[in-house]
Amino acid sequence: MATPIDVVIMAAGKGTRMKSKLPKVLHRLGGRALLAHVMDCAAQLSARQAVVICGHGAMEVEAACGRMAGAAGDLSVKFARQEPQLGTGHAMQQALPLLPDDGVTLVLSGDVPLTQAATLTALLAQCEGQRLALLTLNMADPTGYGRVVRAGPGASAQVRAIVEHKDASEAQRAIHEIYSGIMAVPTRLLRGWLSRLDNQNAQNEYYLTDIVKFAVADGMAVVAHQITDAAQVAGVNSPVQLAELERVYQLRQATALMEQGVRLGDPARLDVRGVLTCGQDVEIDVNCIFEGQVSLGEGVRVGANCVIANAAIAAGAVIHPFTHIDGEKLGVQVGEGALIGPFARLRPGAQLGAEVHIGNFVEVKNSTLAKGAKANHLAYLGDATVGERVNYGAGSITANYDGANKHRTVIEADVHIGSNCVLVAPVTIGQGGTVGGGSTITKDTPAGALSVARGKQLSLPNWKRPAKLPRG
Ligand code: UD1
Ligand code: CA
């Protein structure tokens with residue numbers, strides 16, 4: 001049996017440099033809280049539990065954890081409070097009562113979102129359930145970080161201690177190998193070492209990193225697992241760093257999509273804030289944003305500057321530029337071979353069948369359009385059921401809201417709605433019928449009929465226009 005993993009996530013710090021009311025770990029990267037990325041990673045390791053150490057904004061952080069979806073949401077989460085914050089060692093002391101002795105404690109930071117599970121798996125392999133394993137990295141500019149002090153030169157020399165920048169001698173400051181803030185440590189050993197911490201150092205903090213020298217003093221093995229990808233251990237301390245990591249994250253997503261065969265207009269101009277699934281031969285032009293769960297079927301093309309959230313776009317559909325689709329909770333479905341946009345807006349509950357055409361400045365909400373229905377210009381369809389091959393004219397709307405309640409409009413198959421019509425719901429337009437342009441329809445219309453409801457045209461002969469009045 002492998003040693004159980006208990007993940008501890010440090011999230012008590014204030015994040016002063018964010019200059020924000022929101023606790024730092026709740027700032028978003030790729031549309032999700034920084035902390036959610038860390039929890040996802042913990043879930044991928046099949047951790048037994050995650051203990052989140054909260055301090056600043058604890059209530060908000062704890063509530064946010066409760067709302068997390070996906071893998072992070074399935075993880076068993078406990079909370080420890082650290083008030084006041086007296087250092088990373090002190091933070092760990094608050095988590096200890098929740099950590100059983102038979103496990104390995106994996107220490108992560110809530111503000112380090114891009115660590116990959118494979119990196120942590122390798123670190124845990126070095127720990128082997130019995131050794132202190134540190135994740136380290138060589139940095140050109142190690143200023144501010146804890147330095148990994150070894151018995152001699154080279155990465156094979158024994159690790160002796162981690163010395164914080166503020167406590168380091170000139171010689172130690174010249175060391176480029178830094179401690180990333182991530183370690184794996186057998187919990188029963190951690191417990192003993194944490195009880196020996198003091199705050200006799202430059203910052204008067206209880207340093208978690210001091211356990212390295214205790215391990216060495218006890219004759220226990222300390223191993224350093226060195227990586228080269230700095231983004232994986234980069235923390236977010238300021239809006240600038242958040243934006244930098246966002247770009248790293250987005251480029252990773254774009255690369256993964258391209259490796260699956262998706263063709264991107266420009267990988268630097270794509271933002272995926274959620275999960276985007278693509279079939280074969282999908283093309284996405286520049287400046288598109290995908291949010292929540294979006295799927296694009298085989299051969300789908302998305303034009304420039306589209307924002308698409310919570311939607312399923314079937315094979316062969318084309319989303320022309322500047323289209324905004326947001327399914328929110330209800331979702332949006334676009335059928336095979338449909339043509340949407342440019343400048344179209346699809347709202348929650350829009351369910352479009354195959355080969356539907358939705359043109360510029362057309363808004364569709366909570367409506368079903370059957371195969372081949374078309375609304376090509378300047379129109380509104382809300383709470384409507386639209387049959388096959390219906391043609392819905394420019395400027396027409398469903399008046400679905402009476403000021404208190406919403407009502408349905410049913411437009412049966414093969415109906416032709418002229419331009420500038422108002423269909424006052426609840427109302428049904430019978431199959432194959434035609435509604436004359438400019439009509440305000442308040443009663444059901446029979447199948448096959450031409451229905452017109454507007455002022456009769458009238459012409460007064462020899463009409464004299466008013467003349468200008470004389471001056472003065
Ligand atoms: C720490 C390490 C340092 C390492 C660096 C990597 C210590 C003493 N030093 O530095 O060796 O190079 O991380 O980034 O551990 N936190 C709490 N409670 C506290 C203090 C911190 O929860 O009392 C949390 C912070 O919110 C943050 C994490 O711990 O998520 C690390 O704290 P931070 O102050 O960023 O790291 P340093 O102590 O500077
Ligand atoms: Ca600190």
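Counting starts at 1 for both ligands and their atoms, following the listed order.
The closest non-hydrogen atom to atom 15 (O) of ligand 1, taken over V25, L86, T88, T136, comes from T88. Nearest residue to atom 9 (N) of ligand 1 from Q203, E164, H165 is E164 (criterion: closest heavy atom).
Checked for salt-bridge contact, R263 and D281 meet the test: a charged N lies under 4.0 Å from a carboxylate O.
Below 3.5 Å of separation, one finds an N or O of Y179 facing an N or O of ligand 1. Polar contact check, A12 against ligand 1: a nitrogen or oxygen pair lies under 3.5 Å apart. Among the atoms of S109, some N or O lies under 3.5 angstrom from an N or O of ligand 1.
Those atoms of ligand 1 that come under 4.0 Å of a heavy atom in S180, given as number and element, are 6 (C), 14 (O). Each of the following atoms of ligand 1 lies closer than 4.0 Å to a heavy atom of D111: 30 (O). Under a 4.0 Å criterion applied to the non-hydrogen atoms of Y207, ligand 1 contributes the atoms 8 (C).
Ligand 1 has T209 within reach: a non-hydrogen atom of the residue lies less than 4.0 Å from it. At least one heavy atom of G87 lies less than 4.0 angstrom from ligand 1.
Residue contacts with ligand 1, taken as heavy atom pairs separated by less than 4.0 Å, involve Q82 solely via side-chain atoms from C-beta onward.
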- request: Carefully, step by step, assess Y401 and H407 under the rule ring-ring contact (aromatic ring centres under 6.0 Å, His included).
  value: CA-CA 6 Å; Y401 185 53; H407 304 280; 8.9 Å; no
